[in-house]
Amino acid sequence: MLKGLSTIVIKEIKELVRDPKILIGMIIVPLIMFPLMGFAVQTSRQSAEESLKLVPIAVADFDQSSSSRNLTNYIGSQTNLQVTWLNVSTVDDALDFMRDSNATVLIVIPRDFGLNLSTWGKGVVEVFSVFSGKSITEDVGSQVVNAYLDAYNSRWEPLALKQSSIVKGEPVNVDPQILFGLTFSQVFIMPFTILMLLIFAMQIAATSVAMEKEEKTLETLLTVPVSRFTILAGKLAGSVVVALVGAAAYLVGFVYYFSSFSFVTDTGGVSVDLAALGLMPSSLGYVLIGASLFVSLLSALALAVVLSAFADDVRGAQSLVGFLYVLFILPMFFMMFSDINTLPLPLRILLLAIPYTHPMLAAKASITGDYLLAGLGVVYVSLFTVVVLYLAARLFATEKILTMKLKFGWFRRGKKQVVEELQ
Amino acid sequence: MTLAVETKKLRKLFGPIKALDELSFQVEEGEIYGLIGPNGAGKTTCLRIISTLILPTSGSATVFDHNVVKEATEIRKLITYLPEEAGAYKNLSGLEYLEFMAKFSTRNKKETESIIDNAAKISGLGSRLNDKVKTYSKGMKRRLLVARALMTRPRLAVLDEPTSGLDVLHSFHVRGIIKEYVKQHGVTVLLSSHNMLEVEFLCDKVALVNKGRIIAEGTPDELKTKNKVSNLEEAFAKVVGLA
């Protein structure tokens, strides 16, 4: 029995280690993909930790009573709050300061704070949190400040917190947690949906050449009296239809998704139009998302066609295309956890060099209004697509489309020694 | 005399492997010419070069005076190629497959329909042509593919192992098609096979190929007489020194 078992084991090892697709999987996934994903999460975590270390806030005390001074002293004693004490006469002046400042939270102690405390037993404090919609860690400042005010409320004097947001420099009577909820959905769901769309489309395209190889129809097709470029164009046109349908379906879903956020209830129970606040994608935003998605899909499909030429069958093609997922997953992680503008420059360049970062950026830009970056992204991805299409055309024009296969002789030799040792 | 195919010192290397080693032969128009030899002799490589699928490493090959390297597009208008392990699109019906392939060679619907009718007769598959290819047996699929290769009446049909893996009945049918159809329409056929009896039945002229070289050439009768044997199998064994 043991002899039979060892014979089968050795055969299995030989077959597995000699399959280049498995070899790539063995190298890429553990040695490249996981460290990259870990790096993405670590960088984002560091960025969040940094923002926790010293939260820049501004405080305007219009009351100047003993009660308000107790509160400001308490705020000033918190070592991780970098407080700017505002000497202004109105709330508008304080908000003006916030426009040019890096402070993320403004605490306003109204004129009758002390009186309210002695008369009603509760002092009203207005908390304005800056909302830009760029990162999931953006609400860290707001959460830290609220935690301290809650602690003050429990231990010292009762407070009634009135939460508002500052959107694009303007005060909005909406609890920032509602807007941060929107950001959460935006930064998590959108990149993930784009990732799913790209993966789905590439899997379909990968089969276009591989299926011909598997079904043994490619050789016949390559001898029909039409140019190779026509054959490639036909295959890509089919994929473009898939890309268009995919992009259209995505956009429809995207518009519907945002329509569910179009009105949120403010802290006073009145509906607030998010579009009026500039927190909904504009028509230009939707056009940019559509354009970016389309060119990204096209390049992904062309890339899938090129890669599938290396495989003998559909399974092999899908495995090969699977290794491209790192190009989607990496930007997705960073887009989820970080604001790209706050990342180290080399990492930022790397992410911007990956074409598939751009549809995710475009989706984000549709909220933040950074249309220039999204527009440049569309141009960059279009150029990348042209290069990939050119490579695909060159590949189809030669016999490589039939003969090309992945070879890892150096690795195979290394593994052969391992197998010999096992024997 | 018009030459359908001419190769001169054709060589093809796949890395260190020498698939063809200065292979030279000529096929006259209207002739059925067979390349016979064992597996790995270089028959398929030769047919793939002539069909413009792969390029020779050195030497030359022409099809009706068109160079396979420089005039591949012209050659594709004159030939059809049936690979040894060819398949058809499994989710299309037999008729749809024939229509798809016919459209590459026709200018209008009428012409396409005429070619499909022709293919239906050649294949002998009758109403089964309406069924999806994935429901076909291996023999039926091969008959469909042979019909596809001959339906457009190409000037040259390149058939790689046309009856490979088929049972006696299907082989008999396919051989009958080739022999009858080719003679009727003056199509030139270049085929490969390691079935010596098939080649003897079909071919006007044969080349015995071994290790990428032609080791003997002639009509089946000439080869048998020259080697004083009763069939081509024995002739081949004698030429390569096995008997």
Side-chain angles (χ1 to χ4, degrees), chain A residues 18 20 204-235 237-239 241-242 308-317 393-413, chain B residues 12-17 19 44-45 47-57 63 68-69 72-92 97 100-107 133-134 138 141-142 144-145 148-149 152 154-160:
Chain A
R18 288 177 185 178
I204 293 174
T207 61
S208 71
V209 174
M211 185 82 93
E212 298 266 8
K213 282 190 173 183
E214 188 173 300
E215 301 290 329
K216 310 286 182 194
T217 51
L218 184 61
E219 286 190 34
T220 310
L221 188 64
L222 293 177
T223 56
V224 298
V226 290
S227 74
R228 297 281 173 89
F229 186 76
T230 306
I231 296 171
L232 172 67
K235 288 197 167 295
S239 300
V241 172
V242 175
S308 65
F310 284 92
D312 288 330
D313 51 28
V314 172
R315 189 188 66 86
R394 288 291 303 267
L395 180 68
F396 258 73
T398 66
E399 68 184 49
K400 284 193 170 64
I401 189 74
L402 285 173
T403 57
M404 202 163 60
K405 275 179 197 168
L406 282 175
K407 285 178 183 169
F408 288 86
W410 59 272
F411 201 86
R412 197 175 295 173
R413 280 194 294 278
Chain B
K12 179 66 182 177
L13 303 177
F14 291 108
I17 300 164
T44 297
T45 302
L47 298 189
R48 284 175 134 202
I49 289 174
I50 286 160
S51 305
T52 73
L53 279 171
I54 58 175
L55 296 173
T57 307
V63 176
V68 291
V69 179
T73 311
E74 283 306 309
I75 291 174
R76 286 177 200 141
K77 291 175 188 165
L78 306 174
I79 68 160
T80 55
Y81 174 54
L82 175 67
E84 181 183 358
E85 291 181 346
Y89 301 102
K90 61 183 179 183
N91 290 318
L92 297 185
Y97 174 71
F100 169 70
M101 297 305 293
K103 278 182 175 171
F104 291 114
S105 312
T106 58
R107 286 160 295 182
V133 170
K134 66 181 174 189
K138 189 174 181 179
K141 203 188 290 177
R142 200 66 180 163
L144 178 75
L145 291 166
R148 192 279 302 166
T152 53
R155 287 187 71 188
L156 172 70
V158 181
L159 311 176
D160 193 0

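Bear in mind that the values here come from a model prediction, so they are computed numbers and not experimental data. We name chains A, B, ... by the order of the sequence lines, and we start the count at 1 in each one.
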* Minimal non-hydrogen separation, B:L53 against A:E399, with atom names ->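 For B:L53 and A:E399, the tightest heavy-atom pair comes out as O-CB, 3.5 Å.
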
* Asked: What pair of heavy atoms forms the shortest contact from B:R148 to A:T220, and how long is it?
  ->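 Closest approach of B:R148 to A:T220: NH2-CG2, 3.1 Å.
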
So for [X], is it side chain, backbone, both, or neither that comes closer than 4.5 Å to the heavy atoms of chain A?
X: B:A86; answer: both
X: B:Y89; answer: both
X: B:T73; answer: neither

* Asked: Checking side chain to side chain contact (heavy atoms under 4.5 Å, CB included) for the pair A:T223/B:F104: CA distance, chi angles, key distance, verdict?
  -> CA-CA 10 Å; A:T223 56; B:F104 291 114; over 6 Å; no

* What is the distance from atom CD1 of B:I54 to atom CG of A:L222, rounded to the nearest 0.5 Å? ->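 Between atom CD1 of B:I54 and atom CG of A:L222 there are 12.0 Å.
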
* **Atom pair CD/CG of A:E215 and B:N91 - distance to nearest 0.5 Å** =>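 Reported to 0.5 Å precision, the distance equals 8.0 Å.
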
* Non-hydrogen atoms of chain B under 4.5 Å away: do they reach the side chain of A:E212, the backbone, both or neither? ->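 For A:E212, the contact with chain B is made by the side chain alone.
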
* To do: May I ask you to name which of B:I75, B:L145, B:L55 has the most heavy-atom pairs under 4.5 Å with chain A?
  =>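 Among B:I75, B:L145, B:L55, the one with the most close pairs to chain A is B:L55.
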
Please set out all donor-acceptor pairs under 3.5 angstrom arising from side-chain atoms of residues 78-85 of chain B, sequence neighbours excluded.
residue	atom	partner	partner atom	Å
B:T80	OG1	B:A149	O	2.6

* To do: State, yes or no, whether a side-chain contact exists between B:F100 and A:V224 at a heavy-atom distance under 4.5 Å.
  =>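 Side-chain contact under 4.5 Å: no.
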
* To do: Under the side-chain contact (heavy atoms from CB on, under 4.5 Å) rule, collect the residues that match up with A:S227, sequence neighbours excluded.
  =>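 By the side-chain contact (heavy atoms from CB on, under 4.5 Å) rule, A:S227 matches A:F229, A:T230.
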
